[in-house]
Asks: 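Could you have a look at this structure, given as structure tokens, before my questions?
Start at 1 and go down the list; that is how both ligands and their atoms are numbered.
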Amino acid sequence: MEPNTLQGKIKKNPLIKEIERRRTFGIISHPDAGKTTLTEKLLLFGGAIQTAGAVKSNKIKQGATSDFMEIERQRGISVATSVMGFEYGGVKINLLDTPGHQDFAEDTYRTLTAVDSVILVIDVAKGVETQTEKLMQVCRMRNTPVIIFVNKLDREGQGPFDILDEIEEKLDIKVRPLTWPISMGREFQGVYHLINKNINFFKPNKQRLEDDITHISSLNDPLLDELIPRYADYLREEAELIDGVYDPFDVKDYLSGQVAPVFFGSALNNFGVKELLETFIQIAPYPAPRKTDLRDIEPHEEKFSGFVFKIHANLDPRHRDRIAFVRVCSGKFERNKNYLHVKQGKTFKFSNPTSFMANDKSVIDEAFPGDIVGLYDTGNFRIGDTLTEGEKYIFKGIPTFSPEIFKELINTDPMKAKQLEKGIRQLTDEGVAQLFTQQPGNRRIIGTVGELQFEVIQFRLLQEYGASCRFDFLNFYKAVWVTSSNNAQLRDFINQKHRNIAIDKYNNNVFLAESEWMLKRSMENFPDLEFHFSWEVV
Ligand code: G4P
């Protein structure tokens, strides 16, 4: 496997060394597949934590929707573990956490805009699950390179060929196994590394870091029959089949998002994780260029640029400040230097920019492309905002998807109308939900992907803004953004459908369709209109 370097590109640039050293990625999975466990094992290898059990799951347990303590706990944990930086093999790894609960899927989609690659965890017994399919769609949209870790081989599951077929079919990506399991469940012997040609023997142990690796010269080595007498011939047959079915692994196909290398292991037993990590640091992409409305921004450009992909409210209700998570895209970020907030046309400097190392936060003086910086914010930032050294462009590609549940926000305390207005604006800036406004009457419609957000909003409005509200269910099917170069037709549509038209926070026209049928008919009746199912926050 060829290492992934920026060779050939202006070697003298001092930024190159820092850029080549960075890998910024996210782990995605369906809840319970083992994301938290794998994260913890990666941090153990990186020396960022010393014992297993130190990383808490950020899961909200199913059925805990009314448990506000659980929601608060979740918020607390996800601030601490939003970004986990650690060093391994001379590489600075930035691991961005993604919420497991599907009600927070939008948050995950946005986080995926800030990574350069992804590790996808799949439970060998459960195979490809719904949440995995959705998350992979987002990765496929952006051609994000993906490495797959098939987890829980210590349990009975589907055969490796079957699971690989299922991945290819459901996730629309070609796969290439790099390791291969020797049996599974109670019979699980270990994995054979198809490239390094060695066997890693499985010994269940949750704390162990060292692997038990035995090298063999080839699969014909008689040592194999001594080591695994019952499985040697079977492994030979399977290896032959693998070479017949799958093309040889080419790093270029992985980097272009066409082929996903696959590893097998057991995160809980720290088994197969080292192979994964070693390969990851070797082949995973360094910070990539990012698209803006003006031009592509290369990471080694001298001037700093970055964008906000996540905003997190502080937990302390006495301080209304928030943390805006900025992905550095180019140049060097420096503490106390003035940067332009392009959307607002104002400059800001930051005296306490924060970096995150596992469960620790610390103030930093500088950060490089691929790094995530936490900026304390008093309400100036929205998701998608761009910071530069003066040039005016906006980073693209931060998607908003149609919500699935719609409710009208009703103020239940007229004395607190202003607080409610401010609260709902700020919470929707954080991306907790989407806000649509209908005229006349300034009707507020909140759209989310899950019920849980309504409870979070109601709770936080009261706790943080002293505003009380209730939600009335609205029977909308989808929010679709509508644009057209045919102004007359657009006006006509808005007049005819005024009951279903609202504007989003950025003054874009949104059609709130009551059913799939209604949406289809509108598309037929107004052929010059464009109906957008996702929208970029710019
Ligand atoms: P998630 O973040 O993707 O939601 O999953 P998480 O790591 O929390 O793992 C979900 C469950 O699967 C946990 O069990 C975890 O211990 C278990 N698990 C993870 N990797 C493996 C593995 O390789 N083999 C086996 N057998 N189990 C694994 P739990 O009972 O829900 O939680 P806990 O009480 O063990 O913490």
Asks: For S266, counting its heavy atoms only, list the atoms of ligand 1 lying under 4.0 Å from any of them.
Replies: 22 (C), 23 (O), 24 (N)

Asks: By number and element, which atoms of ligand 1 are closer than 4.0 Å to a non-hydrogen atom of P31?
Replies: 4 (O)

Asks: Nearest to atom 25 (C) of ligand 1 by heavy atom, D154, T36, D123, T37: which?
Replies: D154

Asks: Ignoring hydrogens, just give me the one of T39, L268, V150 whose non-hydrogen atom is nearest atom 21 (C) of ligand 1.
Replies: L268

Asks: With side chains defined as the heavy atoms from C-beta onward, is the minimum distance between Y192 and K197 less than 4.5 Å?
Replies: yes

Asks: So do the side chains of I199 and H193 get within less than 4.5 Å of each other, counting heavy atoms only?
Replies: no

Asks: For S29, take its heavy atoms, then give the atoms of ligand 1 lying under 4.0 Å from any of them.
Replies: 3 (O)

Asks: Heavy-atom contacts under 4.0 Å between L153 and ligand 1: side chain, backbone, both, or neither?
Replies: neither

Asks: Would V326 and F307 count as a side chain to side chain contact (heavy atoms under 4.5 Å, CB included) if you check the C-alpha gap in whole Å, the side-chain angles of each, and the deciding distance to 0.1 Å?
Replies: CA-CA 5 Å; V326 172; F307 67 89; 6.0 Å; no

Asks: Out of the candidates F201, F263, F149, F188, only one should pair with F271 under the ring-ring contact (aromatic ring centres under 6.0 Å, His included) rule; please name it.
Replies: F188

Asks: Taking only heavy atoms of A267 into account, list the atoms of ligand 1 that are under 4.0 Å away from them.
Replies: 23 (O)

Asks: Would you say the side chain of I27 lies within less than 4.5 Å of the side chain of T36, judging by non-hydrogen atoms?
Replies: no

Asks: Short list, please: which atoms of ligand 1 are under 4.0 Å from a heavy atom of K35?
Replies: 1 (P), 2 (O), 3 (O), 5 (O), 7 (O)

Asks: What I'd like to find out is whether the side chain of F25 reaches to under 4.5 Å of the side chain of P285, using heavy atoms alone.
Replies: no

Asks: If you look at every heavy atom in E187 and S183, which pair is closest and at what distance?
Replies: CB-OG, 3.2 Å

Asks: Using a heavy-atom cut-off of under 4.0 Å, does the side chain or the backbone of R155 touch ligand 1, or both, or neither?
Replies: side chain

Asks: Can you tell me if N269 has a non-hydrogen atom under 4.0 Å from ligand 1?
Replies: no

